[in-house]
Amino acid sequence: MMAHIYGDEELEALLVGNTHTKSTLQFLFTFLASCPPNYSFHIAMNYSRFMTAVSAARKASPIRVLTELMQKSPPSLISLAGGAPNPNLFPFKRATVDIGHGTPIEIGEDLMKRALQYSASAGIPELLSWLKDFQRSLHDPPTANYGPEQGQMEVCVTTGSQEGLCKVFEMLINPGDNILLDAPTYPGTLAALRPLGCNIINVPSDQHGIIPEALKEILSTWSSEDVKNHSHHLPKFLYTIPNGCNPTGNSLSTERKKEIYQLARKYDFLIIEDDPYYFLQFEKPWAPSFLSMDVDGRVIRTDSFSKILSSGLRIGFLTGPKPLIDRVVLHIQVSTMHTSTFTQIMISQLLHQWGQKGFLEHVDRVVDFYRTQRDAMLVAADKWLKGLAEWYPPAAGMFLWIKIKGISDTQQLIMEKALQKEVLLVPGGAFNINSSEPSSYVRASFSLSSPTQMDLAFKRLADLIKESL
């Protein structure tokens, strides 16, 4: 069930000198307080307050607009406008790509000409259409049927999810802004955030992800007056990797996500749901996403094909409220211009051949492989590291997060001594907000090594730990 609630400015205008409206609103608030848990209402979002001045100042590139107009026009249109190269001069004429589960993808001469040409900044239409339908089927976001300015769900293609993340950060962060995240976290995120001059507030987490009570305690620093007045000190967003977090392997439970989303509503911050390991969850049913809970249009979600189709093709996609995704597309227009048309067409041809059912069957095959890999690493860890280290079995992803007992900092142990033992892991400090802080953890990946190699690697690590104690 859904209801619409006015924004703060609308409420204030209604209340001035209108006792009838006051009594009506009092009744409405009493009614909402008594509503069942599944009753939700839509808070009107003020997206302009989240954007930096640079992002707000972006205008559509006229050349990019013309390119997209040309692609939507009938063949009878005679265009003297575009500065695109003549595709008849491209040396690549056709291609056939064999598929592991499916018929080969044929890219004939006409499609090849298009694949090698400029395309729309948000993504080629047939790929965007497939992705939008897929997000609706998979997550059923409440925002799918909203109006554009009310946070309607929008999708754009990015050159890997990393490009999307960087552009989202640059859209939202002014120097001095407060942002929330749960560290240890992905070093690429930290590298993108640090130069922007924001104040990173670490939210404590455990093996089940962010601890809502800890987040609530941090947020209690800000008063209801701060929220009402849109204080610029309020956190702009919470960044989290909700499934198979890199490096910890933590996954947020459904109940924690619900609590976190309600705190986002109360303190009016955005949620950046960076979910590259969503399709590597080892148990079903998969956890509901923040996007599936988003009644306001405050979730920006990144997805990636890197872990399940190809990392080298560099295809990711952003899903979120249209006013914010549109700003990202304007940034793409003047930076990368668009993700490779050729790789978009390859992915699009594959997805249309498979359909959603075939794609999810492929995902199941990928998950089966990584689950077997995870189990092999857990067996090796139990065999060699018991008593020397602690770990939790990850519910998703590619990583085992290992705490070495009796060693306060693993930096020297891994970067110097482990190399001599011919075993390489990542020291935990690489994932801290302050990378110079000591960490007793290491990250081990089970994506590439065979079970025999994992066994030997952990034997070498165990010998190293014993020598260092």
Side-chain angles (χ1 to χ4, degrees), residues 58-134 154-167 170 303-306 308-318 325-355 358-359:
R58 295 192 188 281
K59 304 294 181 187
S61 162
I63 297 297
R64 294 268 75 214
V65 171
L66 281 172
T67 298
E68 295 178 22
L69 276 175
M70 281 175 58
Q71 292 171 348
K72 295 175 183 176
S73 299
S76 57
L77 175 76
I78 300 172
S79 174
L80 304 179
N86 193 308
N88 293 316
L89 302 176
F90 297 156
F92 310 99
K93 296 304 178 187
R94 59 176 65 244
T96 301
V97 183
D98 290 336
I99 304 300
H101 292 83
T103 58
I105 291 174
E106 300 285 349
I107 301 178
E109 285 198 37
D110 288 342
L111 187 56
M112 182 63 82
K113 287 178 180 178
R114 185 174 160 229
L116 299 176
Q117 189 57 276
Y118 293 124
S119 59
S121 293
I124 62 173
E126 60 267 45
L127 180 56
L128 277 179
S129 176
W130 196 97
L131 293 174
K132 286 180 182 179
D133 288 344
F134 185 60
E154 186 58 278
V155 176
C156 76
V157 177
T158 57
T159 305
S161 60
Q162 184 75 19
E163 183 199 21
L165 272 179
C166 286
K167 285 181 166 54
E170 290 176 32
D303 282 283
S304 173
F305 285 130
S306 290
I308 46 172
L309 294 182
S310 161
S311 51
L313 286 179
R314 308 307 303 132
I315 297 279
F317 52 105
L318 280 180
I325 300 298
D326 285 351
R327 292 284 117 190
V328 172
V329 173
L330 291 179
H331 193 171
I332 292 172
Q333 286 184 0
V334 296
S335 55
T336 54
M337 290 178 63
H338 59 81
T339 298
S340 164
T341 316
F342 185 85
T343 58
Q344 287 190 71
I345 282 179
M346 275 185 63
I347 295 275
S348 179
Q349 293 280 305
L350 178 64
L351 294 176
H352 279 90
Q353 180 192 128
W354 276 349
F359 172 74

#### Entry: Any Y118 side-chain heavy atom under 4.5 Å of H338 side chain
yes

### Query
If we only count heavy atoms from C-beta on, is the I315 to L309 side-chain gap below 4.5 Å?
no

### Query
Is it true that a side-chain atom of Q333 and a backbone atom of S61 form a donor plus acceptor pair closer than 3.5 Å?
yes

## Note on the structure
What one should report as the nearest heavy-atom pair of L128 and A122 is CD2-O, 3.4 Å

### Query
Are side-chain heavy atoms of L116 and F92 found at a separation under 4.5 Å?
yes

### Non-hydrogen side-chain atoms of Q353 and T103 separated by less than 4.5 Å
yes

### Message
Holding to ring-ring contact (aromatic ring centres under 6.0 Å, His included), I want the full list of residues that pass it with F134, two or more places apart in sequence or in another chain.
### Response
W130, F359

### Query
Looking at OG1 of T158 and CD1 of I325, how far apart are the two atoms once the value is rounded to the nearest 0.5 Å?
9.5 Å

### Query
Just how far is it from atom CD of Q344 to atom CD1 of I124, taken to the nearest 0.5 Å?
5.0 Å

### Task
Mark yes or no for whether R314, through its side chain, and S340, through its backbone, hold a donor-acceptor pair below 3.5 Å.
no

### Query
Can you check whether P85 reaches Q117 side chain to side chain, under 4.5 Å on heavy atoms?
yes

### Query
Mind checking what makes side-chain hydrogen bond (donor to acceptor under 3.5 Å, both in side chains) contact with S310, not counting sequence neighbours?
none

